[in-house]
Amino acid sequence: MTRIISKYKSACLALALGCSLALTTSCTDYLDKSPESDVSPEDAFKNFKNFQGFTEELYLCIPDFSKSYWTTCWNWGEDDIQAVGFDYLMGYKVDQGDFWGWQKEFDGWGACFLDQADTFNPNDRFSRGLWKAAWYGIRKANLGLENMDLMTAATQEEKNTIKGQLLFFRGWLHFQLMQYFGGLPYIDHTIAADQPMTLPRETCQACAEKAAKDFREAAELLPIDWDKSSVGRNTLGKNGFRINKITALAYEGKSLLWAASPLVKNCDDKMNVNGNASTYDYDTNYAQQAAEALGELLTLVETGQTQYKLVDFADYSDLFYTWNKNMLPPGSTENILRDIPTDAWQNSHFGVFTEFGGQILTGGQAASQPTANYVNYYGMANGLPLDDPDSGFDPTHPWKNRDPRFYHDIVYDGVKVVEGDIKPDANRYANLYTGGTYRDDINESRTGYLLYKFIPMIANNYDMGETYNKLYIDVPYLRLADCYLMYAEALIQTNTSGDFSDAIHWIDEVRARVGLKGLVECNPDKDLKHNKENLMRELLRERACELGFENARYMDMIRYKLKDDFEKPLHGLRMYRMVKNPTTGKFERCEFPWFSAGKGQTFACSDGTKVKISIKDGVQQPTVFDFERFELTRSARVWSKTKDGHFDPKWYLSSFKTTEINKGYGLIQNPGW
């Protein structure tokens, strides 16, 4: 896609940007320009090639949230926690209730993808923060829409495609901001520099309606598949990143589902959120509209009219990374929206690669690690949740017979993580037990788990080595599985018959991909066909498993006002080596480190019996363990119940920049900030 953008930009983006400047600069600026630098609007917007060159830059207004900094963080729910010392990452700040922390003026690092450099630069991942990119892109989209009448040397299909992209980006950039801040001024026209700023906030639902309207119109104008349209002929086979009808329908449904959510329904025009309103208090009117958009999308998919389908689970990793595939972008047939990275291979390595592997494997630090809370959302291979008495879950063998997605996403104690030469050889396996080499609050894992959803097992200095430049990692914004689950959610919230079989069908489609049985078959005692609250709990758990660590869980917790889940303390899992007392024949818990205490360590049993528990180079491994969940008290959540805190409704929405409020154009700060 970057090459495609260059193709258009080299020919005409300079013309289009010149037109943009000509339309917005002052007379003095105009007189300062040389005659040859001036470009007429007629030239800049006259045909598809020129206008598409202008439009292409909007794709670079999509922040690369997973690679926006050397080390970044985009999961702010209970899914992961940061290593000790990573107090500049937004995940840590959210846990501390610091919702000012996204702003660059309160974070000199610029590590949060919401706000990075002082100015927006589409060609620099450190300068593509959402706040500046959104307002830049919204103005650019409006400028293009206001000049559509100058596109005279073009077919109707070409005009439709340009207008559809502009409408999509105007809606999408507003919607991204809404999810974090609530209602905004919805800007649908350009504002001249000398024009008074009178842009009061609109309600959440009014904003969502306007975004949905833009998405709907875009869907009517855009092709399903650029490769099968005349406008995509010049870039045939390289149109995978482009906005299309399916992208627009997906976000129409997503924005309306957000408008229907308990959060938005119970948020007044001043953005006060009613914290006492029910988690299941949904707006059925907006949910119905969401169902119609998502139903239209899935009808097109299921009838084979699109290029999209759920990938086979054997190819699941292709959604998130590719390696040694000539830098083929991840996503396969399922990703509906993804960002365009700058220097994909370099930023995949100096970022996501080192962020999750830890010091032994990558030389970096495991900055973010899965919590035991989240790992327990992954149920059993038989489709049952862990807490079901018939699930077969064995707490003494907690990783046995789990949901296949668990094994794809999570590295736990004993997993082989290195194939090549490594010293000591014991480090070939993830020694995540208490005292193991992969267990450390700062450099390795403090929770007992490592996250490998987005990196291959060979992503280490021993196996991949210098071939890391063949690795391409990209965490999607939206993929087809999410559309299945969103459609199920909309159907649940609009159902009046009392039979939820239609919604269950779409959830089961996602589960079947990984070999899980249907929800009803797996949960016969929950009456899921008729019990709405039980079904919603299972849907949210399914979303946690399928969309885990993809910046989805935090948004679900916000949309559904899951106050209790925010207040739960975050936990890790301790795995104690058990040493057999040769005198009593009983196993006793050994709590001191296995490797760091030195060679030839001796363990004193409770009756005084001494047992030698390590040999040369520490290659002897423990075989019997005792497991214990423990609270992660270092940098614990400020609203954790054990800290006598509570989750204030103000935390459902982030704070605006004070500098923005002080401009006086009508924007008011969110309550509590």
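- Evaluation of the ring-ring contact (aromatic ring centres under 6.0 Å, His included) test over residues 294-313, restricted to residues two or more places apart or in two chains, returns Phe313-Tyr316.
- Between Tyr180 and Phe656, the distance from one ring center to the other does not fall under 6.0 angstrom.
- Under the 3.5 Å distance criterion, with hydrogens and angles disregarded, no donor-acceptor pair is assigned to the side chains of Ser332 and Glu334.
- With a 4.5 Å cut-off on side-chain heavy atoms, Arg629 and Asn376 count as touching.
- Annotation: side chain of Leu300 is in contact with side chain of Lys245 (closest heavy-atom distance under 4.5 Å).
- Electrostatic pairing of Lys650 and Asp648 does not count as a salt bridge here, judged by no charged N lying under 4.0 Å from a carboxylate O.
- Between Glu550 and Pro476, the closest heavy-atom pair is OE1-CG, 3.7 Å.
- Interatomic distance, Asn495 CG to Thr284 OG1, rounded to the nearest 0.5 Å: 11.5 Å.
- Counting only distance, with no hydrogens or angles, the side chain of Asn670 and the backbone of Ser655 share no donor-acceptor pair below 3.5 Å.
- Atom CG of Leu297 and atom OH of Tyr484 lie 9.0 Å apart (nearest 0.5 Å).
- Ring geometry, Tyr477 versus Phe65: the interplanar angle exceeds 60°, so the pair is classed perpendicular (tilted spans 30 to 60°).
- Evaluated for a ring pair (Phe, Tyr, Trp, His ring centres under 6.0 Å) with Tyr560, the options Tyr652, Tyr554, Tyr282, Trp258 yield exactly one hit, Tyr282.
- Within the structure, the side-chain hydrogen bond (donor to acceptor under 3.5 Å, both in side chains) test picks out no pair touching residues 380-392 (sequence neighbours left out).
- Between Phe406 and Tyr378, the angle of the ring planes goes over 60°, which puts this pair in the perpendicular group of the 30/60° scheme.
- Of the N and O atoms on the side chains of Ser497 and Asp499, not one donor lies less than 3.5 Å from an acceptor on the other residue.
- In this structure, the side chain of Glu146 engages the main chain of Thr190 through a donor-acceptor pair within 3.5 Å.
- A perpendicular orientation is assigned to the rings of Tyr251 and Trp172, their planes being inclined by more than 60° (bins at 30° and 60°).
- Annotation: the span from Asn523 atom CG to Asp527 atom CG amounts to 11.0 Å, rounded to 0.5 Å.
- Here Ser368 contributes atom OG and Asp80 contributes atom CG; the two are 4.5 Å apart, rounded to the nearest 0.5 Å.
- In this structure, Arg559 pairs ionically with Asp556, as a charged nitrogen and a carboxylate oxygen lie closer than 4.0 Å.
- Neither side chain, Glu538 nor Asn534, offers a donor N or O lying under 3.5 Å from an acceptor on the other.
- Checked against the 6.0 Å centroid threshold, Phe169 and Tyr59 count as a close aromatic pair.
- In terms of modelled atom types and a separation under 3.5 Å, the side chain of Gln165 and the main chain of Thr161 share a donor-acceptor contact.
- Glu252 places no side-chain N or O within 3.5 Å of a backbone atom of Ala293 that could act as its donor or acceptor partner.
- Asp98 places a side-chain N or O within 3.5 Å of a backbone atom of Gly101 that can act as its donor or acceptor partner.
- Residues meeting the salt bridge (Lys or Arg N to Asp or Glu O under 4.0 Å) test with Asp115, sequence neighbours left out: Lys132, Lys657.
- Note on Asp565 versus Arg553: salt bridge recorded, some NZ/NE/NH1/NH2 to OD/OE distance being below 4.0 Å.
- Within the structure, every pair that satisfies the salt bridge (Lys or Arg N to Asp or Glu O under 4.0 Å) test and touches residues 269-281, not counting sequence neighbours, is listed here: Lys265-Asp281.
- Applying side chain to side chain contact (heavy atoms under 4.5 Å, CB included) to Phe500 and the options Lys532, Lys529, Met536 leaves one that passes, Lys532.
- When the ring-ring contact (aromatic ring centres under 6.0 Å, His included) test is applied to Phe566, the partners found at least two apart in sequence or on another chain are Trp639, Phe647.
- Separation of atoms CD1 (Ile336) and CG (Leu478) is listed at 5.0 Å; rounding is to 0.5 Å.
- In plain terms, the two heavy atoms of Val273 and Pro649 that are nearest each other are O-CB, 3.6 Å.
- Under the salt bridge (charged side-chain N to carboxylate O under 4.0 Å, His left out) rule, Glu546 has a single partner from Arg513, Arg511, Lys453, which is Arg513.
- A salt bridge between Arg216 and Glu292 is absent, with no side-chain N of the basic residue lying under 4.0 Å from a carboxylate O of the acidic one.
- Aromatic ring pairs are classed by plane angle as parallel below 30°, tilted from 30° to 60° and perpendicular above 60°; the pair Trp74 and Phe454 is tilted.
- Judged purely by atom type and a 3.5 angstrom limit, Thr55 has no side-chain atom pairing as donor or acceptor with the backbone of Ile162.
- Without hydrogens or angle criteria, Asn142 side chain to Ile138 main chain gives a donor-acceptor distance under 3.5 Å.
- Using a distance-only test at 3.5 Å, with no hydrogens or angles considered, no donor-acceptor pair links the side chain of Asp79 to the main chain of Gly548.
- Taking 4.0 Å as the cut-off between side-chain N and carboxylate O, Lys254 and Glu489 do not count as a salt-bridged pair.
- Qualifying salt bridge (Lys or Arg N to Asp or Glu O under 4.0 Å) partners for Glu202, counting only residues two or more places apart in sequence or in other chains: Lys210.
- To the nearest 0.5 Å, atom OG of residue Ser229 and atom CG of residue Asn160 are 11.0 Å apart.
- In Lys517, the NZ atom is not crowded: 12 or fewer heavy atoms of neighbouring residues, nucleotides or ligands sit closer than 6.0 Å.
- Between the side chain of Asp283 and the backbone N or O of Tyr286, at least one donor-acceptor pair lies under 3.5 Å.
- Of the listed residues (Asp482, Leu485, Leu547), just one forms a side chain to side chain contact (heavy atoms under 4.5 Å, CB included) with Val510, and that residue is Leu485.
- Without hydrogens or angle criteria, Tyr374 side chain to Ala544 main chain gives a donor-acceptor distance under 3.5 Å.
- A salt bridge is absent between Glu78 and Lys568; no separation between the charged side-chain nitrogens and carboxylate oxygens falls under 4.0 Å.
- Salt bridge annotation for Glu217-Arg170: absent, with no cationic side-chain nitrogen under 4.0 angstrom from a carboxylate oxygen.
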(request) Begin with the C-alpha distance, continue with both residues' side-chain angles, and end with the deciding distance and a verdict on side chain to side chain donor-acceptor pair (under 3.5 Å) for Tyr280 and Gln493. (result) CA-CA 9 Å; Tyr280 302 103; Gln493 299 301 349; over 6 Å; no

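- Within a 6.0 Å radius of NZ in Lys213, other residues, nucleotides and ligands contribute 12 heavy atoms or fewer.
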